[in-house]
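Keep in mind that the numbers below use all heavy atoms, side chains included, and drop hydrogens, waters and symmetry copies. Numbers restart at 1 for each chain; the letters A, B, ... are given by sequence-line order, proteins then strands.
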There are 2 protein chains.
Amino acid sequence: MQKKDNVSMSVIRRLPRYYRFLSELCRRGETRVSSKELSEKMGFTASQIRQDFNCFGGFGQQGYGYNVPQLCAEIERILGIQQLHKCVLIGAGNLGKAIVGHMPFVQLGFELIGVFDNSKRVIGGKISGHEVLSYESIASFFESHHPVMAILCVPREAVETISDELYALGIKAFWNFSHYDITLKHPDAIVENVHMNDSMMTLCYRLSLEE
Amino acid sequence: MQKKDNVSMSVIRRLPRYYRFLSELCRRGETRVSSKELSEKMGFTASQIRQDFNCFGGFGQQGYGYNVPQLCAEIERILGIQQLHKCVLIGAGNLGKAIVGHMPFVQLGFELIGVFDNSKRVIGGKISGHEVLSYESIASFFESHHPVMAILCVPREAVETISDELYALGIKAFWNFSHYDITLKHPDAIVENVHMNDSMMTLCYRLSLEE
DNA sequence: TAGATTGTTAATCGATTAACAATC
DNA sequence: TAGATTGTTAATCGATTAACAATC
């Protein structure tokens, strides 16, 4: 039942994966799972799985294993998914549209409260039920709504300016897709860069290895 | 000048990042850089940087540092970026369009040779200069063109079927975006899943920590 | 009780960092 | 030559795995 307070990033990054698997088991109505079964399904070792869960407390029962819905709920709680952090998305191009249309925000702990663009062509239109607002009005929007996270889907040239502006307006975290190869740096802000370029180059390397 | 043949994935995953930084230095006309300078700019330790480069050979010169264009070229060579692996993209929805329009394929070591969809509405149309082909014709396309990598941008329900089909047709690698939370498993295939969901949940966790 | 499986400690493995001799 | 910086070995650190006592 001990509870580490400095859980390593290696563990944290595995949590969403556990959550995905356990949600699926839950959905199928499974009630019970052992670290051994999970290890076979997920490709981690049983030992690692027990270690990971024990960073947060003893969720299992000797001789039985883990209760699926309970474990699932615990991980959901640890991830803080019930909190619905308010977020905005900047850039209603194809990538922005794909994310607005297909990201299950609420299931991931977020609430999308605004979509912004600076192009007259799209402002005022709707994507997946969200009206596209003018980026020019974003300061007053922040004053009244206080979003904490911004998803950036804007062109390369615009990233730096926009992230600076949003940071000044008090945004706490960025999820940056914008042009695949920038590294955002803002003191105190949480930045998650989705480096598509890097991941594709890694793929290139691995293909090259095979000749 | 020793050359490890089993370079760890931790090192490989840093290579694209080195490449991005060095390309930028190159572009600016810098000719020389030391591991110390790089460490300050990139946030790795100088020691790690030297270790990393030395997995592949001695690219530097004592007392001088590294020659920027040369080092950059070496990493490009290691990553195999000049090889232009043929790839196809499946699914010409918003995500597919964003990727076709904005991924600098050639710079990343790939050549996009076909875009496929199964919707009559988009087949025959063009996105960023690429004609959208019918998914039904993909088998014959494979026979004549032999792509090695497939980018999946299709709905969740379609992922499994499509990946099975392409694997049977001889595809060697998948870059799977399709619905953010599937884990593709094909024996022998190289699979790179872009888990947007997971990355967003990690962000949620970190935001929750801050209250 | 016997069997199963956790929680937890100890051992191993691998990756990062420090140190320094080699050398430009 | 003196100063700088690599290449490389050794030390440290952290993460994973193994082992097993606790206990359901």
Does any nucleotide pair with C:dC13 by Watson-Crick or G-U wobble geometry, both distances under 3.5 Å, and what is it? D:dG14
Quick one, A:M149 and A:I171 - any side-chain contact, counting heavy atoms below 4.5 Å? no
Using whole Å, what does the distance between atom P of nucleotide C:dG7 and atom CZ of A:F56 come to? 14 Å
Using a heavy-atom cut-off of under 4.0 Å over every strand shown, decide if A:Y66 touches base, sugar-phosphate, or nothing. sugar-phosphate
Donor-acceptor side-chain pairing of B:E165 and B:Y135 below 3.5 angstrom: yes
Nearest-Å distance, CD1 (B:I49) to P (D:dT6)? 9 Å
Nearest to the side chain of B:S8, heavy atoms from C-beta on, is which of C:dT5, C:dT6, C:dA15? C:dA15
Any side-chain to backbone donor/acceptor pair from B:R77 onto B:C72? Under 3.5 Å, distance only. no
Whole angstroms only, please: what is the CD-P distance between B:E37 and D:dT5? 8 Å
Searching all strands shown, indicate the nucleotide that pairs with D:dT5 (Watson-Crick or G-U wobble; both distances under 3.5 Å). C:dA22
Can a donor-acceptor pair be found between the side chains of A:S208 and B:H85 at a distance below 3.5 Å? yes
Whole angstrom value for the distance that separates C1' of D:dG14 from CZ of A:R13: 16 Å
Using atom CZ of A:F53 as one end and atom P of C:dG7 as the other, report the distance to the nearest whole Å. 10 Å
Would the number of heavy atoms belonging to other residues, nucleotides or ligands and lying under 6.0 Å from CD of B:E37 be above 12? yes
Find the distance B:L38:CG to C:dT17:C1' and express it as a whole number of Å. 17 Å
Is any NZ, NE, NH1 or NH2 atom of the basic residue among B:E192 and A:R206 found under 4.0 Å from an Asp or Glu carboxylate oxygen of the other? yes
One character per nucleotide, please: for nucleotides 18-24 of chain D, 5' to 3', B when the base has a protein heavy atom closer than 4.0 Å, S when only the sugar-phosphate does, - otherwise. BBB-BBB
Looking only at atom types and distance, does a side-chain atom of B:D117 sit under 3.5 Å from a main-chain N or O of B:A92, one as donor and one as acceptor? yes
Between P on D:dT17 and NZ on A:K36, what's the gap in Å once rounded to a whole number? 17 Å
When rounded to whole Å, the CG to P distance for the pair A:D52 and D:dT17 reads 10 Å
